[in-house]
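Inspection log for the structure reproduced underneath, given as structure tokens.
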Protein chains: 2
Amino acid sequence: MQRDTRQRRAIRRVFMDCGRPLTPEQILQAGQDIVPSLGLATVYRTVKAFALEGWLVEVELPGGTLRYEIAERPHHHHFLCRSCDQAFDIPQCPETVEDIAPEGFEVDGHEIILFGRCVACA
Amino acid sequence: MQRDTRQRRAIRRVFMDCGRPLTPEQILQAGQDIVPSLGLATVYRTVKAFALEGWLVEVELPGGTLRYEIAERPHHHHFLCRSCDQAFDIPQCPETVEDIAPEGFEVDGHEIILFGRCVACA
DNA sequence: ATATGTGCAAACTCTTTGCATGGAG
DNA sequence: CTCCATGCAAAGAGTTTGCACATAT
């Protein structure tokens, strides 16, 4: 991750303009509007490298495909639209959510996913 | 799903004895203790058929592999152990969790996943 | 000038499907 | 005896890797 290439700038731009978790395929589509020759393998390699660096994090939502989003955002959760399959950020968090763990289980993190229809699809 | 075969009885038994979400590979391992000739394709076909019938439901937790569990259980959530990668049921649910959705989003379901170490690994 | 990054295509892994055989009814 | 279900192996889908060429530094 030493060089600043057109492809990497394009992928960074896509995430900064978008602010939602994205699948590799979605990144490819948006990235090709900036660098048409962009290849899927480069997308996979680049998001993995960004995740290793800590600039992106993996977000695993139902649907089978791993999504990525910018890491340095406040704690938040996700909404997955059943109609358009887009993921959205939810800035809030119910503080007490980790209290439901059974006795003896050590909790070090949590994920909340809401399902339904987004504003555009509702 | 008309015939009651050794393989189907074995897979049903595995779920009833286990009471946790299982991956196809875990089902295969446990099922082969009952029917050694059991094949992975049969596991995939059978859990899909059980899910269609409504006896099983798909559970999608981080890790990439779809898991399955018995459907007719009260609403609950899941704990995923970072050490042994086993999934556990959490019988409780914070009632207010769907309130965090932004304005205009129609929520029709939710999933909560806690991460950490299970009783056995803690 | 040098070595990292890219794009293509082949390799891999996980899941699904086709087909001949086995077994439930 | 019939036809559904199984097991194997091949085919698909999504992701990763090897290699020669392009390009940032």
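Every heavy atom of this structure was used, including side-chain atoms; hydrogens, water molecules and symmetry mates were not. What you are looking at is a predicted structure, and each value in this text was computed from that prediction instead of being measured. Proteins come first, then strands; the chains are lettered A, B, ... in the order of their sequence lines, and each starts at number 1.
- Closest contact between the side chain of R45(A) and the listed nucleotides dC19(C), dA5(D), dG7(C) involves dG7(C).
- Nearest-nucleotide assignment on DNA chain C puts the 5′-proximal partner with L40(B), out of L40(B) and D4(B).
- Among the nucleotides dA24(D), dA9(C), dG5(C), the one closest to any side-chain atom of Q2(A) is dG5(C).
- Phosphate contact (OP1/OP2 of dT4(C), side-chain N/O of T5(A), threshold under 4.0 Å): absent.
- Within the nucleic acid shown, R8(A) comes within 4.0 Å of sugar-phosphate atoms alone, with no base atom in reach, counting heavy atoms only.
- Atoms CD1 (I27(A)) and P (dT6(C)) sit 14 Å apart, rounded to a whole Å.
- The CG atom of L38(B) lies 10.0 Å from the CD atom of Q29(B); values are rounded to the nearest 0.5 Å.
- For T46(B), counting side-chain heavy atoms from C-beta on, the closest listed nucleotide (dT6(D), dA9(D), dT23(D)) is dT6(D).
- With rounding to whole Å, K48(A) atom NZ is found 6 Å from dT17(D) atom P.
- A straight line from CZ of R9(B) to C1' of dA5(D) spans 13 Å, rounded to a whole angstrom.
- Between H75(B) and H110(B), the gap from one ring centroid to the other is short of 6.0 Å.
- At dG7(C), one or more side-chain N or O atoms of Q7(A) fall inside 4.0 Å of OP1 or OP2 (strictly under the cut-off).
- Note: CZ (R6(A)) to C1' (dT4(C)) measures 15 Å, nearest angstrom.
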R20(A) and Q86(A): CA distance, side-chain angles, deciding distance, side-chain contact (heavy atoms from CB on, under 4.5 Å) verdict = CA-CA 8 Å; R20(A) 288 186 285 105; Q86(A) 291 277 354; 2.2 Å; yes

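- Close to dG7(C), at under 4.0 Å from its OP1 or OP2, lies a side-chain N or O of T42(A).
- With rounding to the nearest 0.5 Å, the separation of CD in E60(A) from CD1 in I113(B) is 8.5 Å.
- Taking every side-chain heavy atom of R3(B) into account, dA5(D) is the closest of dT16(D), dA5(D), dT6(C).
- Rounded to whole Å, atom C1' of dC8(C) lies 16 Å from atom OH of Y44(A).
- Between the C1' atom of dG7(C) and the CD atom of Q32(A) lies a distance of 12 Å, rounded to the nearest Å.
- In this structure, CD of Q26(A) is placed 13 Å from P of dG14(D), rounded to the nearest angstrom.
- Residues Y68(A) and F50(A) keep their aromatic ring centres 6.0 Å or farther apart.
- In this entry the distance linking CD1 of I34(B) with P of dT6(D) reads 14 Å, nearest Å.
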